[in-house]
Amino acid sequence: MRESPCGCPGETPIAAPRATAGDTPPCACPGHSHRGRAWAELLRLPALFSVPGDVLAGTAATGASPGTRTLLAIASSLCLYEAGMALNDWADRDVDAVERPHRPLPSGRIRPAAALTAACVLTGAGLALAAGAGRPALAVATPLAATVWAYDLGLKHTPAGPVAMGTARGLDLLLGAAATSGSTRPALPSAALLGTHTLAVTTVSRQEAQGGSPVPPLAALATTALLTRLVTRRSSGGPTRGRRPATGHRPADLRADRFPGQDSGALLTTALTAAYAATTARPYFHATLNPSPPLTQRAVGAGIRATIPLQAALSARSRGTATALLIAALAPLGARFAKKVSVT
């Protein structure tokens with residue numbers, strides 16, 4: 001019988017590719033703490049910090065103030081996100097037994113049936129919470145849940161996989177718009193930008209276990225540059241929502257004095273977009289030079305973390321300053337917990 005590092009009977013852990021505390025395979029001995037850590041790994045709890053910003057950015061895009069329905073939409077989003085995490089590992093348990101034997105299911109710390117049950121329960125809870133936020137929210141949450149299940153059960157290993165994942169993230173942003181205002185149209189541009197970022201990250205993640213070509217991280221680096229340009233250009237060039245643009249007959253300094261919030265919003269958007277680009281640029285560049293599993297996994301982790309400043313930048317671009325700052329505050333929390341439990 002094998003022993004775990006603490007001396008209790010269990011599986012001999014196999015070192016994860018990444019040399020971080022979050023990737024260190026925990027002891028397989030019984031106990032509530034070890035069971036809780038196994039579920040934290042399965043559900044990738046630190047990644048949850050990247051979820052509320054979807055709904056909040058969608059709310060900001062509509063110009064509406066967050067309310068009770070917004071909170072219900074956030075709860076729905078969290079449940080559907082975690083359902084996807086549990087279902088993902090259930091569907092990939094045979095592949096993970098070879099490529100990632102330290103994961104909770106192949107290591108035996110969580111039974112496959114328990115993971116599948118959790119995915120079903122979380123999906124049902126997510127749809128119920130969306131229904132509580134109103135019919136428009138449910139109308140978005142239903143295809144969102146369907147996309148999550150379709151990705152995990154069939155599309156993940158096909159060329160349509162990254163597109164499905166990007167679609168899911170875009171729908172999650174639209175969920176906030178639908179729940180808060182009943183309309184998704186104002187949030188479509190933000191959903192497209194966020195979905196494009198997610199598509200790029202997902203494309204890189206497809207080779208994080210075995211490494212591969214430098215093309216995906218290079219494409220993700222180019223996508224980051226493009227999104228940075230689009231977000232900042234829209235912020236500096238477009239008029240403030242709900243206000244009439246200044247005419248060409250007014251001097252530039254008078255226009256700035258009349259609409260000081262427009263300049264401050266543009267500055268905040270630029271700062272948050274710069275934070276988004278800085279989070280991903282170096283890891284993507286390193287993975288391009290050396291697309292090995294460790295560097296690719298770091299690039300994927302950076303892409304997931306960069307979702308938060310991008311959500312904040314999209315909110316600031318929509319003049320949701322308070323919302324943008326609230327989303328941005330989630331970034332250090334996510335980074336802190338990611339040191340304990342891996343987000344990939």
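The chain is numbered in sequence order, starting from 1.
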What distance separates [X] [atom1] from [Y] [atom2], expressed to the nearest 0.5 Å?
X      : Y      : atom1 : atom2 : result
Thr203 : Met165 : OG1   : CE    : 10.5 Å
Leu138 : Leu144 : CG    : CG    : 11.0 Å
Leu174 : Ser190 : CG    : OG    : 9.0 Å
Asp152 : Thr147 : CG    : OG1   : 11.0 Å

4.5 Å side-chain heavy-atom contact, [X] and [Y]:
X      : Y      : result
Pro217 : Phe285 : no
Arg298 : Arg282 : no
Leu129 : Cys79  : yes
Leu314 : Leu193 : yes
Glu208 : Pro293 : no
Thr196 : Leu227 : yes
Pro216 : Arg206 : no
Thr68  : Leu71  : no

Candidate pair Leu105 and Leu42, rule side-chain contact (heavy atoms from CB on, under 4.5 Å), full reasoning:
CA-CA 8 Å; Leu105 267 60; Leu42 177 75; 3.6 Å; yes
If you count every heavy atom of other residues, nucleotides or ligands that lies below 6.0 Å from Arg169 atom CZ, does the total exceed 12?
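Yes, CZ of Arg169 has more than 12 neighbouring heavy atoms, counting only those of other groups under 6.0 Å.
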Minimum heavy-atom separation for [X] and [Y], please, with both atom names.
X      : Y      : result
Leu78  : Pro52  : CD2-CD, 4.3 Å
Leu173 : Ala191 : CD2-N, 3.8 Å
Thr158 : Leu155 : OG1-O, 2.8 Å
Ser205 : Val300 : CA-CG2, 3.5 Å
Ala141 : Leu80  : O-CD1, 4.1 Å
Ala61  : Pro186 : O-CB, 3.6 Å

Establish whether [X] and [Y] are linked, either directly or via other cluster members, by ILVMFWY side-chain heavy-atom contacts under 4.5 Å.
X      : Y      : result
Trp39  : Leu45  : yes
Leu175 : Leu171 : yes
Val204 : Leu221 : yes
Val201 : Tyr151 : no
Val163 : Leu153 : no

Sidechain-backbone polar pair: [X] side chain, [Y] backbone, donor-acceptor under 3.5 Å:
X      : Y      : answer
Gln311 : Leu56  : no
Thr288 : Tyr284 : yes
Arg69  : Gly132 : no

Under the 4.5 Å side-chain heavy-atom rule for ILVMFWY, direct or indirect, which residues accompany Leu295?
none
For the pair Gln207 and Ser213, evaluate side-chain contact (heavy atoms from CB on, under 4.5 Å) and give the outcome as yes or no after the intermediate values.
CA-CA 8 Å; Gln207 60 182 34; Ser213 170; 4.3 Å; yes
Could you name each residue pair satisfying side chain to side chain donor-acceptor pair (under 3.5 Å) that touches [range], not counting sequence neighbours?
range            : value
residues 116-138 : Thr123-Trp149
residues 82-98   : Arg44-Asp89, Asn88-Lys156, Asp89-Arg103, Asp92-Lys156, Asp92-His157
residues 171-182 : Thr59-Thr180, Thr70-Thr180, Ser77-Asp172

Are Arg317 and Thr232 close enough that a side-chain donor and a side-chain acceptor fall under 3.5 Å?
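Per modelled atom types, Arg317 and Thr232 side chains form no pair under 3.5 Å.
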Would you please say whether a donor-acceptor pair under 3.5 Å links the side chains of Arg185 and Ser183?
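Checked: Arg185/Ser183 side chains show no N/O donor-acceptor pair below 3.5 Å.
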Using residues 321-330 as the side-chain source, report each donor-acceptor pair under 3.5 Å to any protein atom, sequence neighbours left out, with the distance given to one decimal.
none

Output all residues satisfying side chain to side chain donor-acceptor pair (under 3.5 Å) with Tyr276, sequence neighbours left out; order by chain, then residue number.
His197
